[in-house]
There are 2 protein chains.
Amino acid sequence: MATGRTHRPATRSRGIPEATVARLPLYLRALTALSERSVPTVSSEELAAAAGVNSAKLRKDFSYLGSYGTRGVGYDVEYLVYQISRELGLTQDWPVVIVGIGNLGAALANYGGFASRGFRIAALIDADPAQTGKQVAGLPLRHSDELEAIVAANQVSIGVIATPAGAAQEVCDRLVAAGVTSILNFAPTVLSVPDGVDVRKVDLSIELQILAFHEQRKAGEEQPASAARPARGQRPGTDGDVPAVMPA
Amino acid sequence: MATGRTHRPATRSRGIPEATVARLPLYLRALTALSERSVPTVSSEELAAAAGVNSAKLRKDFSYLGSYGTRGVGYDVEYLVYQISRELGLTQDWPVVIVGIGNLGAALANYGGFASRGFRIAALIDADPAQTGKQVAGLPLRHSDELEAIVAANQVSIGVIATPAGAAQEVCDRLVAAGVTSILNFAPTVLSVPDGVDVRKVDLSIELQILAFHEQRKAGEEQPASAARPARGQRPGTDGDVPAVMPA
DNA sequence: TAGATTGTTAATCGATTAACAATC
DNA sequence: TAGATTGTTAATCGATTAACAATC
C-alpha cells in the first residue's frame, strides 16, 4: 500500500505505529463529543468505552504521543483534543480536490466531517462537460481539463478519486504529476503510484463481503463440510473457459 | 468491533485469520478481471502484483483455503474465483436493506459492486415521509415505519446504515431487534450491539485524517520539534472550557 | 529430465493485553 | 494518607516474510 519514504523504516514516522495512527481519529471523535458536552476530564476507561476499544490499548496509544494524562485524575479533554489534532496534522488547512462527481462524489462533497477537520474542498472536478458549472454542495463543478491548474493554484496535496474504476488510474497519474502526494481512492481498482505517494482505499463492497463471510458462518455452522481436498475434474490450464466448479 | 460468537475463539472461524478474510475480496476482484480477459491460469507472483500484495502472503492466504494451485503451473482462474466466492459466502443471495437515503445512501444504492456479488437490495428505507415512494436506483423508497416488516418479509440479515450520526443507534437497535445480525455502518458513531451481531464501519473522514498524518510528515520533516513534554499552564479539571492549548 | 511454481516452515516483526509500580 | 488512575513492562498473540523442499 505504498507508504512511500525511501530513507526510513517507513512504518513508523517518529515512532508512532500505524495501528495507533489509525485509531487517533476514533479517539478524536469521542473527545470532540465530550468537549461539546463540556466534560472537562475523562479517564482512559471512559474514553476507551466511548471509542470502542479497550483501555490498555488506549493508554498505550497515548503513551506514543507523550504523557498527557494525570494519574489519579484522567485526561483533560480540551488539551487532548488539541494534542491529537496536532499529531494528525489537523491544526493546519488541507486543500483537497474531489474528482468524479457522481453519486458518491456528491455525497463526499456534502459530507460534513471533512470541513470540520481542517479539510477544505478546493474544487470538485468532473469529466462530463455537460456538468461543468453546475453546483454541488455550493461549489461549481470544474472540468477535468483544469485539473492540473487547480492543483497548482491551490497547492493541493490530497486528492480524492470517486470516478468509475476505468478512469481512476489516469486521474491518479495526472494528480500525482500535478503535485498531489496523498490519494484517497474510492474507485474499485488498485492504483499504482511512485514512491513517496500514499494511497488509501475505501471499498464499499469489500466491507460487505467480509460481513457476508461471517454471516455465512453464523447461519451454517454445519456447512456441507466443504469436502476437504476435492478431486478436480480438470487440471489448470487444460481447458480455458469452463469453470472447474464443483458444488462441493 | 464485536465479532460476536459466545462459544469459540471468535477470531478465526474454522481457522481463517481475519487478515486473510479481509484480503479475499481483493484477490477475488483481481481474479474477476483476469476471468473477463479469459486468462486461464495465473501464478501467485502475477496475481499478487495485480492485487497489490506480496506473493508469499498470497500463497499463505490461499493455503488456509486449501491446495487449489498446481506446482509449476499456477492457479486456475475460474476455479479459484469459485472457491473464494464460496468461502466468502458470495455464491448465495444476500438480501440487504439500506437505511438513510441521502447522498451516500443513494450512492450505495447505485453502486454496481453490490449486485454483482450476490448482494440484493431488498429495500431502501428513509425516515422522511416526503421521500416515500420516490425512486432511487430503480427502487421505491420505503418509510422507516415499515423497517421491521421489510426485514422479516425478506429475511434480511445484513443492514447498511447511511443515516446521520444521531439516528444511527436507534436504526441499529431496530434492525437488530428485527433480526439483522450484520451491520455495515457509514454513520460516524460507534454502535453498540449485542453479542452475535457483527458491525463493520466505513468512515470517510478517518481515512482522510490518516492521510493528513502522513502528509504532514512528508512536508515538515523538520517540525518545530514539538517540545517533548511541555509544562502545562493548567491542570486537568481545574478549568473546564478554555483549551489548555499551546502552540508547541 | 529440467524448469517453474506451489505450499509450508520457521524466523521476525508488530500489535494486543493484563498487570502493576509510579504518582497525582 | 488513601484512593484513583496513569504510563510502562513483559508476556502473548497474530501477521508478515524469506526461503526452500515438494512436486507438477
Side-chain angles (χ1 to χ4, degrees), chain A residues 1 3 8-13 15-24 26-27 40-49 51-77 79-80 83 228-229 231-232 234-238 244, chain B residues 1 3 8-13 15-24 26-27 40-49 51-77 79-80 83 228-229 231-232 234-238 244:
Chain A
M1 205 133 277
T3 308
R8 272 214 230 151
T11 342
R12 41 167 76 190
S13 344
I16 302 183
E18 259 322 298
T20 296
V21 171
R23 280 188 295 267
L24 292 181
L26 291 179
Y27 301 142
T41 58
V42 67
S43 71
S44 62
E45 203 65 58
E46 293 163 331
L47 185 54
V53 304
N54 104 12
S55 68
K57 196 190 306 197
L58 178 142
R59 288 196 301 277
K60 187 111 229 276
D61 283 341
F62 286 178
S63 77
Y64 294 112
L65 309 184
S67 299
Y68 294 147
T70 306
R71 287 166 207 244
V73 179
Y75 299 91
D76 181 277
V77 171
Y79 185 66
L80 202 48
Q83 291 299 344
R229 220 126 297 185
R232 261 168 277 160
Q234 59 178 176
R235 300 265 238 37
T238 49
Chain B
M1 206 131 279
T3 308
R8 271 213 231 150
T11 342
R12 42 169 74 188
S13 341
I16 302 183
E18 258 324 296
T20 296
V21 172
R23 279 187 296 267
L24 292 181
L26 291 178
Y27 302 142
T41 59
V42 66
S43 70
S44 62
E45 201 66 57
E46 293 163 331
L47 184 55
V53 305
N54 104 12
S55 69
K57 197 188 310 198
L58 177 142
R59 288 197 302 277
K60 187 111 231 277
D61 284 342
F62 285 178
S63 76
Y64 293 112
L65 308 185
S67 299
Y68 295 146
T70 307
R71 288 165 207 245
V73 179
Y75 299 91
D76 180 276
V77 171
Y79 185 66
L80 201 49
Q83 290 300 343
R229 218 125 295 183
R232 261 168 277 160
Q234 59 178 176
R235 298 264 236 43
T238 50

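Letters A, B, ... mirror the listed sequences (proteins, then strands); counts begin at 1. Treat the numbers as computed from the prediction; the structure is a model and nothing was measured.
Residues A:R59 and A:S55 have side chains in contact (heavy-atom distance under 4.5 Å, counting atoms from C-beta outward).
Of all nucleotides listed (D:dT17, D:dT8, C:dT16), D:dT17 comes nearest to the side chain of B:K57. Between C:dA15, D:dA18, D:dT6, one nucleotide has an atom nearer to the side chain of A:Y75 than all others, and that is D:dT6. For B:S43, whose side chain is taken as the heavy atoms from C-beta onward, the closest listed nucleotide among C:dT6, D:dT17, D:dG7 is C:dT6.
Nucleotides of DNA chain C nearest to A:L58 and B:R59 differ in position, and the one nearer the 5' end is that of B:R59. Residue whose closest nucleotide on DNA chain C sits further toward the 5' end, between A:A56 and B:A56: B:A56.
Between the side chain of A:R71 and the base of D:dT5, no donor-acceptor pair under 3.5 Å is found.
Whole-Å rounding puts the B:F62 CZ to D:dA15 P distance at 17 Å. The separation between A:D61 atom CG and D:dT8 atom C1' is 14 Å, rounded to whole Å. Here D:dA18 presents its P atom at 14 Å from NZ of B:K60, a figure rounded to the nearest Å. For B:Q83 and C:dT6, the CD to C1' distance is 16 Å, given to the nearest whole Å. Atom CD in A:E46 sits roughly 11 Å away from atom C1' in D:dT5 (whole-Å rounding). For the pair B:R23 CZ and D:dG14 C1', the interatomic distance rounds to 12 Å; values are reported in whole Å. With rounding to whole Å, A:Y68 atom OH is found 19 Å from C:dT23 atom P. For the pair A:L47 CG and D:dT5 C1', the computed distance is 14 Å after rounding to whole Å.
With a cut-off of 3.5 Å on both pairing distances, the Watson-Crick or G-U wobble partner of C:dA19 is D:dT8. Nucleotide D:dC13 is matched to C:dG14 when pairs are restricted to Watson-Crick or G-U wobble geometry with both distances under 3.5 angstrom.
With rounding to the nearest 0.5 Å, the separation of CD in B:E46 from CG in B:L58 is 11.5 Å. To the nearest 0.5 Å, the span separating CG on A:D61 from CD1 on A:I16 amounts to 9.5 Å. Atom CG in B:L24 sits 11.5 Å away from atom CD in B:Q83 (nearest 0.5 Å).
Ring to ring, A:Y68 and A:F62 are not that close: their centroids are 6.0 angstrom or more apart.
Phosphate contact (OP1/OP2 of C:dT6, side-chain N/O of B:S44, threshold under 4.0 Å): present.
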